[in-house]
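Report on the following structure.
Note that the structure is predicted; figures quoted are calculated from it, not measured.
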Amino acid sequence: MESFDVFSTVLKCFPSIEIGHSEWHAIWSRSVDKVERIIDQGIVIVPYLSDLYPANLRGLSTPPVNLYLIGRVDSLLSANIIAIVGTRNPDSCIQDFAPSFCEHLSSLASCVVSGLALGCDSIAHIASIRSTTPTVAVLPCGIDKIYPKENQGLAQDIVEAGGCLVSEYEPGTKIQKSYFVARDRIQAGLSHAGVLLQSSLNGGSMHAMKTLASLGRPLATISPPMHLLNADQWAGNVKLINGRPAPLVFDLASDAHSIREGAGILLPKHQNQSVAQSFIQQSLL
């Protein structure tokens, strides 16, 4: 009832909105019922004004009003989050190189963000799990609708490994084309830095890299082998390499030492401790 009284007070600040007390109470009751049904499904709701809302996301020009997630909330609040994204159809060069590369890189981060798509996203999530680093999958639909269906098992592995699935859309929301671009901005917004594995010029992953650049966050990519420098599937990487701000560039011969050096440039130079862990520790004092 206290929350209802607060919303009633807020409503009085907008005299142009003509709505009676009983009608407002009915709207409030329906909203409470909806929230309770969502929570009963094991879904956590993190509204924009919550202390658990990721500070990184507030830098977006259009941050999500609510986040719906399954899994550990603190994985969204880590100190060194890196987005690893790329095409759904990587060529053999990336298929051979990326698993080891991503495993080394994720072991140096506190969390890896990607989009649960086939191809590069799946490589990033699996590598993160193998390195025992939490990973976050951002969905372009309701959190109760795993997309693509082929990755339902991977989604379960992500949650069981201490990561989470997250969406800005209410449970039950079906995919729309525009939701993929919206999803890309959240991947970027959550992250302190971003790595592009492979993309064509018009690949969806380029949206995430563009958003990261607009937020002033470090970028990295992989340079194509010389004989594929003009190949369409590498055009996004080449554009990023030749653009501004200049990204950190790895090549297909990068070893563990060079990846570690690169991670030191990409990731924030502060303690690898999540905000949530710090909050919990202070609460126990």
Side-chain angles (χ1 to χ4, degrees), residues 1-11 17 19 22-58 60 62-78 81 111 113-117 121 125 134-187 189-190 274-277 279-280 283:
M1 180 60 68
E2 181 180 347
S3 297
F4 172 69
D5 291 340
V6 170
F7 276 92
S8 297
T9 302
V10 171
L11 190 65
I17 300 178
I19 182 171
S22 58
E23 186 177 357
W24 173 238
H25 189 277
I27 293 172
W28 169 251
S29 296
R30 287 197 297 272
S31 299
V32 170
D33 289 343
K34 178 186 288 187
V35 169
E36 289 178 346
R37 288 197 299 272
I38 291 173
I39 293 174
D40 286 344
Q41 297 177 58
I43 297 170
V44 178
I45 305 174
V46 181
Y48 182 83
L49 296 179
S50 170
D51 290 339
L52 292 177
Y53 191 92
N56 275 0
L57 275 183
R58 299 183 193 277
L60 293 173
T62 56
V65 175
N66 293 312
L67 294 176
Y68 301 88
L69 63 93
I70 297 174
R72 292 181 62 96
V73 179
D74 57 350
S75 56
L76 296 176
L77 305 173
S78 302
I81 302 177
C111 181
V113 171
S114 201
L116 199 62
D121 288 9
H125 289 306
T135 182
V136 172
V138 185
L139 302 181
C141 53
I143 200 71
D144 57 336
K145 296 182 177 296
I146 301 302
Y147 180 87
K149 291 182 179 179
E150 296 93 324
N151 273 348
Q152 288 182 343
L154 178 56
Q156 183 175 346
D157 291 343
I158 287 171
V159 173
E160 291 177 352
C164 74
L165 313 177
V166 63
S167 174
E168 67 178 311
Y169 304 111
E170 289 186 6
T173 302
K174 297 181 179 180
I175 292 175
Q176 296 186 26
K177 188 174 181 179
S178 62
Y179 291 175
F180 288 97
V181 177
R183 182 269 305 277
D184 294 335
R185 92 187 191 288
I186 295 179
Q187 291 180 93
L190 285 170
S274 73
V275 176
Q277 289 171 334
F279 175 79
I280 291 171
S283 299

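Paired with Tyr68 under the rule side-chain contact (heavy atoms from CB on, under 4.5 Å), one option of Val46, Leu165, Val166, Ile38 passes, and it is Ile38.
For the pair Ser75 and Leu69, the minimum side-chain heavy-atom distance is 4.5 Å or more. Side-chain contact between Tyr179 and Glu168: absent, with no pair of heavy atoms (C-beta onward) separated by less than 4.5 Å. Two residues are said to be in side-chain contact when any heavy atoms from C-beta on lie closer than 4.5 Å; Leu116 and Asp121 fail this criterion. Counting heavy atoms from C-beta outward, Cys141 and Thr173 have side chains that stay 4.5 Å or more apart. Using a 4.5 Å cut-off on side-chain heavy atoms (C-beta onward), Leu49 and Pro47 make no contact.
Distance CG/Asp144 to CD/Gln41: 6.0 Å, rounded to 0.5 Å. Going from atom NE2 of His125 over to atom CG of Asn151 covers 8.0 Å, rounded to the nearest 0.5 Å. Taking CG of Asn56 as the start and CG of Leu190 as the end, the distance is 7.0 Å to the nearest 0.5 Å. One finds the CD1 atom of Ile81 at 5.0 Å from the SG atom of Cys111 (value rounded to the nearest 0.5 Å).
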**Request:** For side-chain contact (heavy atoms from CB on, under 4.5 Å), just list the numbers for Leu76 and Leu57, CA-CA rounded to whole Å, side-chain angles, deciding distance to a tenth of an Å, and then say yes or no.
**Result:** CA-CA 10 Å; Leu76 296 176; Leu57 275 183; over 6 Å; no
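Note on ring orientation: taking the six-membered ring where Trp is involved, the planes of Phe180 and Tyr147 are perpendicular (angle over 60°, cut-offs 30° and 60°).
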